[in-house]
Amino acid sequence: AVALTACTSNTPSAPAPGAGGGNAASPNDAPGKKVTIGFSGPAADHGWLAAINNFATAEAKKYSDVTLRVAEGTNDASMQISHIETFINDKVDAIVLLPTDGAALTSVATKATQAGITVVNVDREFSSSFAARTTILGDNYGMGVSAGTHACQLVKDKKLADPVIAEIAGIDALPLTQDRSRGFADALKSCGQTVDRRVAAQFTVESGEAAAANLLQAAPKLDIVWNHDDDQGVGVKAAFDAAKRSEFAFIGGAGSANAMRWIKAGQMAATVIYPPTQAADGIRLARLLVQQKGMSDLLQVEVPRRIVLNAPVVTSSNVDKYLPLGFES
Amino acid sequence: MRGIVKLFPGARALDGVDLGVRPGEVHCLLGQNGAGKSTLIKVIAGVHRPDAGEIRWRGEPVTLADPQAATRLGVATLPQELDLVDGLSVADNIHLGHEHARFGFTRRSRTARATTALLTRLGHPEIRPGAEAGGLSAAERQIVSMARALSHDASLLVLDEPSAVLDQREVARLFTVIRELTAAGVAIIYISHRLEEIREIGDRVTVLKDGRTVAGGLDAASTPTKDIVRMMTGRAIEYAFPPRTEEVIDAEPVLDVRGLSLEGRFADVSLSVKPGEVVGLAGLVGSGRSEIIETVYGARKATGGTVAVDGRTLRPGSVPAAVASGLGLCPEERKSQALVLGDPVSHNITMATLDRAGFLDFAAERAAAGELVAALDVRPSDVDREVRTLSGGNQQKVVLARWLLRECRVLLLDEPTRGVDVGARSEIYALVRDLAHRGVAVVVVSSEIEEVLGLADRVLVVAGGRVLHEAPAGELTEHDVLDIVLRGEAA
Amino acid sequence: MKGNRTLGLVIALGLLCVVGAATAGDRFASVDNLLTVLRLASVIGVVSVGMTFVITGGGIDLSVGAIVALSSVWATTLATQSMAEDVHWIVMVGCALLVGAGCGLVNGLLVAYGKIAPFIVTLAMLAGARGLAEIIANRRTQIVRDQGFIEFFGGSVLGVPVLVLVFALVAAGGWVLLNRTTFGRRTLAIGGNPEAARLAGLKVARHTTLLYVLLGLACGIAAVMLMARTTTGTSTHGGLYELDAIAAVVIGGTLLSGGRGTVVGTVLGVLIFTTLTNVFTLNNLDTSTQAVAKGVIIVVAVLLQQRLANRAGESHAR
Amino acid sequence: MKGNRTLGLVIALGLLCVVGAATAGDRFASVDNLLTVLRLASVIGVVSVGMTFVITGGGIDLSVGAIVALSSVWATTLATQSMAEDVHWIVMVGCALLVGAGCGLVNGLLVAYGKIAPFIVTLAMLAGARGLAEIIANRRTQIVRDQGFIEFFGGSVLGVPVLVLVFALVAAGGWVLLNRTTFGRRTLAIGGNPEAARLAGLKVARHTTLLYVLLGLACGIAAVMLMARTTTGTSTHGGLYELDAIAAVVIGGTLLSGGRGTVVGTVLGVLIFTTLTNVFTLNNLDTSTQAVAKGVIIVVAVLLQQRLANRAGESHAR
Ligand SMILES: Nc1ncnc2c1ncn2[C@@H]1O[C@H](COP(=O)(O)OP(=O)(O)OP(=O)(O)O)[C@@H](O)[C@H]1O
Ligand SMILES: Nc1ncnc2c1ncn2[C@@H]1O[C@H](COP(=O)(O)OP(=O)(O)OP(=O)(O)O)[C@@H](O)[C@H]1O
Ligand SMILES: [Mg+2]
Ligand SMILES: [Mg+2]
């Protein structure tokens, strides 16, 4: 798996043209055949998704041979299908698609592939492997596992007997939230623990604050809290601070710059990275695919079919390494 | 019907009413405002269920559980508060609930034909079956309601104040239709506050007072007016207009309207009213009188001409400007244009006196409202009661009270006695005169030419959106006015 | 007035098309793109036609999106799908319609006989139905396995996608029902003046209930269409449909207070919103700018349309 | 009637508290938890009080959430924050209030003078303001750096959190304004029968505009409170506030069609919803079950309350 083929600069406003990211520069960046890429993702209604968008557009700007078409972000599968249909009508060369729901977008993606368009599937996987040329997956289940494993580590390190473990999930109706929770629960099971309290927020700062405020009342004493999303984490943290509660280890998710800074300042135990650069990577890969180039770090001349991103845990011991990668949300 | 009782929260609307109606007769129902006439009608129509009493139909006891049941029996009603659906066409309104249809699909040409036939019978072939009811004038709406009642081919037709907004000509047409119906054996219950109508059309009279039958089956033609009025009100009332001011007013006019026009409605209307003067607008239904005074008031934006109060020209189309300079309007349709039905009487009375920002003084508000309610004899005299639950005539008094409280200098009255009983009517007449004495300028619009002539000092005759004639009221007779109007219409 | 109102919408749509063609050229003015717009409009369009009836009848329904979600989920459960496998995919369709109509019935009964404000009833249904959908689906996306179903609804008849055809049928049926039947007349009457309607002997409560059932049925149809389009049933389907549908209905000229409704206006309203999104996408506007532009365009369009209606109204009066 | 209606709400809230205490014991019935509930209720509560006025006056506002978002974003931009650093954090507060009132003014002018249906105007504002917020914030969460601001609004006075105090003040002010001033009375009249109000000489258009400005101002206050609570300003603040606020207002007994409004009812409505969520969370219910339970509880509560009101009404008549 390739971890973070991201750019050096994490702020999209300061793109480094032609730079091949932290990984070795390669002749692949040299301008080639003109490529039109359509990009469609969910409504950028929270920080991580906004970062996805920002990284994607910034990445596209780096290449003089890439024209990016961005469809309106939407949470309605039907609407997103019509965006893809528009791209097909438009005869774009490639489509980078972060579906609102992988299964729901599968058939239209298959149609695009059949129309000869290179489809790159990002983050939420299609239900058919014929729908996309390449799939870049953030690992939601793995993210839960990472968080759970780290929690188990904490239990062992601190020698907690009968610890109270809480989980603040994101939008509960989304399959990705279910995957994260499942991963978390499975990892905890391995060290004999369970989730004692679970609340769900809406991926927004405000809902995070409200959910956390209620959670704190529900549990007078907490040992470990895993919050799925660092963007809502800003609100969660505000609730903790307002209640002056810090007796527990606070683990985050996604890996925003805010979270990293808190870790550095000792206000947070850890966060699990869920890279918001996936779509940007998708655009790079789409360009390579259309220009029929391979990935320079691989001996393979073809771009792989499936790339699963790692979900590393950031703690105070390695935060300095990851801080530059934290996204501002 | 025997011993009908109907209770409302806080009121005994009907308290043992007896009523017997024979086929082919016109049975008149008389009573003061709030006597319970409309409530009784609603019981017959199946709208209200009586709390006690017995209803027999052709000798059989029946229960009228809902309006459908009444319709099935052959009862059709024309309710007092015109209940038309604004968004529907005239034809659809008339046939609502018993549409001409096949398999649920409306048969439009048939409906239109039936509608035209009904309207022609009522003398109004010019009302288009396809016109939206919302765009009709009050009188036209009344006609449509009447057509609606007729469309049922009922054997008992109940008319609750059908003539309230109609002029003489219309009333005459209505009577022709009623006579046709009675000749065919249809029974009619007829409610009106105009006693002369009762004499003309009625066969027998039942008088209600405070929810009880005080007299039933009186002969309509021979019972003396005095007796009827005494039975209704418990006292004798002279049904007469108060004397006019004799002295010539030589003050400058308060209200001065010059060349006022509203495109497509009326043109070049000039009128001036001096303090203490009562000016009447006479004319037939649809002649544009309501629109003229609404435009004077700023409720409609004039397309030409000026309105000046005390020599200062008002901003056209601004009601607040008009009110600020002392104008007040009692509009034609009290329910939709004047009252907040769900609010208490007191709030409705003080509504026009809220223009200053600040805190409310409840005690003062209730006291002021209470005083006016007492002065105008609004019944019941409870100022906290929702206006909705007041009878029609009492609602009208509430609107009047609003402008009395404001002490406006020019009062515009559009059909001020619509639905008001004999007693209250003479009270309102006296009130208007009294106001004039105190220097208020009054403009009165009424479809009863007699009322305009009796009440006003000076009369303007309006037809087709033009002022045809202006003369002191004393110099005109009903006949003259009709003559002028008809000649004007012909021209 | 009514004709002018519709004319205003047609002009707005026309202008939008002109802008689309001018800025995106052939990419906009192609048959394929037209069909894309129509397909997108179909699902929300069916819901909006149903919503026209409820709003015309003096009600409102916030639960349409949730009902769509619940119907789609229920129709794609393992049980339903395996039954459909044994019998025919029509079972899934029937299930979706039944669930939709059932939810509508609950709404209708509570509004008409429980006498609770429609806003509250359907708000409760919004929460309840979506919650139930999540529970049934266990928050997973359920995939439609029946290829016959997908092929049927994903297919075309004489070049017209079946989805668009369904929308056209629903719209035509809705128009006839509202304008040419006693049911429609009564709906207008009940919305415009419920008291008068009662006096006229209409069965107001029963009729009101029927209106909600009708809308529920429309939601069921929309769920089927969505299942075909996305090949899935999930509790996240139909998100914010309530706003979209009400917006289309109101922009179309139906009075939110009831008593006046136009199916043609609703259809135009839906098309305007869908075309707007399409033109935006073709012109590569970013989402935030789109939102701002959308807001401004709505206001300007309605203002213009009102001017137009007034002017026409005046000249009519002369 | 009105008293009974409020009584019904009080009983509903009381029952909820009993259930809370029974199922969650001391965790529910503690001062801390009470304050938590109140703090949660504060932000949406302020918006709902403002909404009461607009709805009572016959309007509706779908843009409240978007206005909250825009205000919070505008008040936390780099420019505003550095100006606040130089002067005082009151600058941020002023900025939020001004932006809120400004948006309200635009809504009001378009409704009252543009004569566009409030639903459409505020729908446009919903899209526009949120889009603008996203553009200004570049979809980032802007962190409030001024500690003075956070400490002030995060603090307590005599054990009562400042946020709760602000809510209490707004509610009390709203109550006085609606029930004890000519402004409130005019609002009722205009909502009850706008034509009658106009013919009685009230400045209907100006007053209507003011109502929207008032609500905009409330949104500005809510934005400040949210900034203090979350220590951030972002374009995602205020999500679905329109539904929550309207729901609280309507449950509280204000007529959606205007003409009748109760601030006390609204406050109770907000408290009921907030307490419900709190009790659910204390009992560790999952969100789907919460949603279903919420739907059922709303309907049952309103039905019960109506029964109660009717019975009381009858006994009153005897
Ligand atoms: N819904 C109601 N609730 C309470 N009281 C009512 C209601 N409807 C009517 N009333 C009362 O019943 C009494 C009779 O009213 P009704 O309308 O029958 O009078 P009416 O004889 O028709 O008077 P008018 O000549 O003014 O029309 C009045 O005192 C009125 O206030
Ligand atoms: N909003 C409207 N739209 C179309 N026509 C109208 C409207 N209002 C009034 N009219 C028409 O204008 C004419 C004048 O009506 P208006 O009400 O002023 O007459 P009027 O003399 O007061 O008679 P009355 O009030 O007794 O009907 C009528 O023919 C009426 O149909
Ligand atoms: Mg009456
Ligand atoms: Mg008139």
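Naming convention: chains lettered A, B, ... in sequence-line order (proteins, then strands); numbering from 1 in each chain.
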*Once you round to the nearest 0.5 Å, how far does OG1 of C:Thr289 lie from CD1 of D:Ile135?*
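Taking OG1 in C:Thr289 and CD1 in D:Ile135, the distance rounds to 4.0 Å.
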*Can you name the nearest heavy-atom pair linking C:Val292 to D:Gly128, along with the distance?*
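Heavy atoms of C:Val292 and D:Gly128 come nearest at CG2-O, 3.5 Å.
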_Interface residues of residues 59-78 of chain D facing chain C - non-hydrogen atoms under 4.5 Å apart_ =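 Answer by number: D:Leu62.
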*Are there residues of residues 110-120 of chain D that reach to under 4.5 Å of chain C by heavy atoms, and which ones?*
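Residues in range: D:Leu110, D:Gly114, D:Lys115, D:Ile116, D:Phe119, D:Ile120.
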*asked:* Can you tell me which of C:Ala129, C:Ser235, C:Ala127, C:Ala293 forms the most heavy-atom pairs within a distance under 4.5 Å of chain D?
replied: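 Heavy-atom pair counts peak at C:Ala127.
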*Using a cut-off of under 4.5 Å for heavy-atom pairs, which of C:Ile297, C:Ile246, C:Leu255, C:Leu256 has the most such pairs with chain D?*
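With the most close heavy-atom pairs to chain D, the winner is C:Ile246.
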*Please state whether the side chain, the backbone, both or neither of D:Thr287 comes within less than 4.5 Å of a heavy atom of chain C.*
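For D:Thr287, backbone and side chain are both near chain C.
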*Pick one of side chain, backbone, both or neither for C:Val296, based on which atoms fall under 4.5 Å of a heavy atom in chain D.*
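Neither part, no heavy atoms under 4.5 Å.
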*Against chain D, label C:Ile251 side chain, backbone, both or neither, depending on which of its atoms sit under 4.5 Å from a heavy atom there.*
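Both parts, backbone and side chain.
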*Could you have a look at D:Lys294, D:Met125, D:Arg139, D:Glu242 and say which one has the most heavy-atom pairs with chain C under 4.5 angstrom?*
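Top option by heavy-atom pairs under 4.5 Å: D:Arg139.
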*Pick from D:Ala133, D:Ser288, D:Ala291 with the largest number of heavy-atom pairs that fall under 4.5 Å of chain C*: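 Heavy-atom pairs under 4.5 Å are most numerous for D:Ser288.
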*Walk me through it: do D:Leu243 and C:Leu126 pass the test side chain to side chain contact (heavy atoms under 4.5 Å, CB included)?*
CA-CA 11 Å; D:Leu243 270 188; C:Leu126 161 67; 3.9 Å; yes
